[in-house]
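A short write-up of the structure that comes next.
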Amino acid sequence: MPELPEVETSRAGIAPHLVGHRVARLVIRQPQLRWPIPANLALCLEGKVIRSVARRGKYILISVEGGAALLHLGMSGSVRILPAGAPAAKHDHVDLVLDTGSMLRLTDPRRFGALLWQPENELHSLLASLGPEPLSDEFNAEYLQTCCKGRKTAIKTLIMNSQLVVGVGNIYANEALFQAGIDPRRAAGRVSAQRLEQLVICIKQVLARAIEQGGTTLRDFVGGDGKPGYFKQELHVYGRAGELCHSCGSILKEVRLGQRSTVYCPSCQR
DNA sequence: CTAAGGACCTGTCGGC
DNA sequence: TGCCGACAGGTCCTTA
């Protein structure tokens with residue numbers, strides 16, 4: 001479900017319900033996520049006031065005195081604010097119960113998500129080697145050109161590499177490359193500097209626009225406020241293989257790159 | 001070092 | 001209707 005826009009939508013949706021409030025209890029029904037939830041996490045959080053709810057890449061950081069809970073939604077995770085005590089369904093793995101009578105509930109059918117602990121003044125190893133935020137100035141044409149130099153990897157695979165830039169998942173990689181007019185299969189090192197400059201602009205535009213729209217709801221994604229995302233209406237290639245290009249009318253093609261579905265217009269993208 | 005593939009897990013969908 | 005394989009928003013880890 002979540003790429004950066006969906007994570008940011010979730011973060012923004014839950015933050016007002018959490019910040020400034022005290023954690024009454026952490027209820028863990030299923031600790032086996034991608035990594036086990038640390039046994040001492042409840043002790044780290046209970047009784048503490050939540051200071052901030054931030055985001056780094058696709059991680060949500062819920063900070064309290066002493067550290068931060070790191071939350072990753074994986075492929076199928078989502079969070080919602082509910083009244084404390086709402087009945088739990090099959091994949092409702094964790095509740096962060098607040099002293100307000102509300103709780104944050106984590107649901108994740110595939111359990112590729114994670115809930116970990118990062119002590120204050122330490123950088124969790126999962127965050128240590130992440131690339132820059134795509135919407136920051138640090139992610140610019142010059143930077144991407146350096147990343148691509150000499151690389152034979154397909155440009156799409158490269159922009160999805162979180163060590164180089166975070167937050168660009170399969171949907172938005174497809175969309176950004178369409179907007180930039182670049183064939184996703186093209187070796188990164190063989191994309192001209194000018195077109196990489198364009199790609200940076202397109203990645204930023206697509207992500208920013210998707211955040212404005214509350215993310216992309218494919219199946220049942222809803223933000224922390226329970227509303228679906230509306231960006232799906234603006235998708236040009238993702239999920240549209242065999243349909244007509246919105247720009248030139250050609251039939252969109254599909255290939256696999258790094259085992260991910262890749263859709264592009266053979267006429268507009270070179 | 002880079003690149004490619006498998007692994008993790010459950011639900012859904014299309015085909016027979 | 002039922003079964004089986006393929007596929008799904010991520011990304012770490014192993015292997016070559």
Side-chain angles (χ1 to χ4, degrees), chain A residues 1-11 29-37 55-60 70-79 89-94 106-116 124-131 134 146-177 184-190 203 206-207 210-211 213-223 228-232 234-235 237-242 254-263:
Chain A
M1 160 195 327
E3 296 190 33
L4 188 146
E6 292 74 42
V7 175
E8 177 56 25
T9 298
S10 299
R11 188 204 63 75
R29 292 181 205 83
Q30 168 58 280
Q32 298 303 318
L33 304 185
R34 172 147 195 194
W35 294 280
I37 297 174
R55 181 186 58 73
R56 172 75 176 104
K58 294 174 188 165
Y59 291 88
I60 293 173
L70 295 187
L71 175 63
H72 195 291
L73 299 177
M75 288 275 261
S76 59
S78 62
V79 284
K90 191 172 179 186
H91 300 297
D92 296 340
H93 305 315
V94 179
L106 170 66
T107 305
D108 185 2
R110 293 181 71 180
R111 289 191 270 130
F112 287 173
L115 181 59
L116 299 165
H124 196 284
S125 57
L126 288 170
L127 303 186
S129 54
L130 292 180
T146 307
C147 292
C148 289
K149 207 162 200 175
R151 295 284 198 111
K152 291 180 179 171
T153 313
I155 185 66
K156 175 172 178 253
T157 308
L158 185 134
I159 60 174
M160 290 178 68
N161 180 344
S162 63
Q163 297 198 12
L164 302 179
V165 57
V166 298
V168 184
N170 199 33
I171 297 177
Y172 302 110
N174 277 298
E175 295 299 317
L177 286 162
R185 299 166 300 175
R186 180 174 283 270
R190 295 185 169 260
I203 288 171
V206 165
L207 293 177
I211 290 170
Q213 294 297 299
T216 300
T217 291
L218 291 180
R219 290 191 170 77
D220 53 0
F221 170 77
V222 288
Y230 295 104
F231 193 73
K232 186 172 196 288
E234 300 187 23
L235 297 178
V237 284
Y238 181 84
R240 297 194 62 244
E254 178 164 21
V255 293
R256 303 226 126 231
L257 284 179
Q259 20 256 73
R260 308 306 296 279
S261 154
T262 303
V263 185

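Numbered from 1 within each chain, the chains take letters A, B, ... in sequence-line order.
- Between A:R111 and B:dT10, a side-chain N or O to OP1/OP2 separation shorter than 4.0 Å is present.
- Nucleotide C:dG10 holds its P atom 18 Å from the CG atom of A:L116, rounded to whole Å.
- Shown here are the side chain to side chain donor-acceptor pair (under 3.5 Å) partners of A:E234, two or more places apart in sequence or in another chain: A:R209.
- In the set C:dT11, C:dG9, B:dC8, the nucleotide with an atom closest to the side chain of A:F112 is B:dC8.
- Within the 4.5 Å cutoff, side-chain heavy atoms of A:L127 are placed close to those of A:Y59.
- The side-chain heavy atoms of A:Q32 and A:P36, taken from C-beta on, include a pair separated by under 4.5 Å.
- Across C:dG9 and B:dA3, the matching C1' atoms stand 24 Å from one another, rounded to whole Å.
- With sequence neighbours excluded, no residue satisfies ring-ring contact (aromatic ring centres under 6.0 Å, His included) with A:F112.
- Using a 4.5 Å heavy-atom cutoff, the side chains of A:S76 and A:P109 are in contact.
- For C:dT11, neither phosphate oxygen OP1 nor OP2 lies less than 4.0 angstrom from any side-chain nitrogen or oxygen of A:R260.
- At whole-Å resolution of the value, CZ in A:R256 and C1' in B:dG5 are 13 Å apart.
- The side-chain heavy atoms of A:D108 and A:S78, taken from C-beta on, include no pair separated by under 4.5 Å.
- Ring geometry for A:Y172 against A:F231 counts as tilted: the plane angle lies between 30° and 60°, on a 0 to 90° scale.
- Dashed line: the shortest gap from a side-chain N or O of A:H91 to OP1 or OP2 of B:dC9 is not under 4.0 Å.
- Nearest approach of A:G239 to A:V263, heavy atoms of both residues: N-CG2, 4.3 Å.
- Rounded to the nearest Å, the gap between the C1' atom of B:dT12 and that of C:dT11 is 23 Å.
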Scan the side chains in residues 160-171 of chain A for donor-acceptor partners under 3.5 Å anywhere in the protein, sequence neighbours excluded, and list what turns up.
{"from": "A:N161", "atom 1": "OD1", "to": "A:Q163", "atom 2": "N", "distance (Å)": "2.9"}
{"from": "A:N170", "atom 1": "OD1", "to": "A:K156", "atom 2": "NZ", "distance (Å)": "2.7"}
{"from": "A:N170", "atom 1": "OD1", "to": "A:N174", "atom 2": "ND2", "distance (Å)": "3.4"}
{"from": "A:N170", "atom 1": "ND2", "to": "A:S261", "atom 2": "O", "distance (Å)": "3.1"}

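- Remark: the separation of the P atoms in C:dA6 and B:dG6 is 13 Å, to the nearest Å.
- Residues A:H72 and A:L115 form no side-chain contact, since every pair of their non-hydrogen atoms from C-beta on lies 4.5 Å or further apart.
- With hydrogens and angles left out, the side chain of A:R110 and the base of B:dC9 share a donor-acceptor pair within 3.5 Å.
- Nucleic acid contact for A:Y238: sugar-phosphate only, since backbone atoms but no base atoms lie under 4.0 Å from a heavy atom of the residue.
- Between A:K58 and the phosphate of C:dG9, there is no side-chain N or O to OP1/OP2 separation shorter than 4.0 Å.
- Rounded to whole Å, the distance from CG on A:L158 to P on C:dT11 is 15 Å.
- Atom-to-atom, CD of A:Q30 to C1' of B:dC8 comes out at 13 Å; the value is rounded to the nearest Å.
- Rounded to whole Å, the separation between the P atoms of B:dC9 and C:dT14 comes to 16 Å.
- Considering only heavy atoms from C-beta on, A:H93 stays 4.5 Å or farther from A:R29 through its side chain.
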What pairs of nitrogen or oxygen atoms, one from the protein and one from nucleotides 12-16 of chain C, lie under 3.5 Å apart?
{"from": "C:dC12", "atom 1": "O4'", "to": "A:R34", "atom 2": "NH2", "distance (Å)": "2.7"}

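- Rounded to whole angstrom, the span from the CG atom of A:L127 across to the P atom of C:dG10 amounts to 17 Å.
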Taking only N/O atoms, report every protein-nucleotides 1-4 of chain B pair under 3.5 Å with atom names and distance.
{"from": "B:dA3", "atom 1": "OP1", "to": "A:K152", "atom 2": "N", "distance (Å)": "2.6"}
{"from": "B:dA3", "atom 1": "OP1", "to": "A:T153", "atom 2": "N", "distance (Å)": "3.1"}
{"from": "B:dA3", "atom 1": "OP1", "to": "A:T153", "atom 2": "OG1", "distance (Å)": "3.2"}
{"from": "B:dA3", "atom 1": "OP2", "to": "A:R151", "atom 2": "NH1", "distance (Å)": "3.3"}
{"from": "B:dA3", "atom 1": "OP2", "to": "A:T153", "atom 2": "OG1", "distance (Å)": "2.4"}
{"from": "B:dA3", "atom 1": "O5'", "to": "A:T153", "atom 2": "OG1", "distance (Å)": "3.3"}

**OP:** Return one dot-bracket line describing DNA chain B 5' to 3' (Watson-Crick or G-U wobble pairs, both distances under 3.5 Å; ( ) same strand, [ ] crossing, | another strand, . none).
**Re:** .|||||||.|||||||

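- Put simply, the residue from A:I37, A:L33, A:D92 that forms a side-chain contact (heavy atoms from CB on, under 4.5 Å) with A:L106 is A:L33.
- Look at CG on A:N161: it is 13 Å from P on C:dG10, rounded to the nearest Å.
- A:E175 places a side-chain N or O within 3.5 Å of a backbone atom of A:Y238 that can act as its donor or acceptor partner.
- What separates CD1 of A:I171 from P of C:dT11 is a distance of 13 Å, to the nearest Å.
- For the pair A:I211 CD1 and C:dG9 C1', the interatomic distance rounds to 15 Å; values are reported in whole Å.
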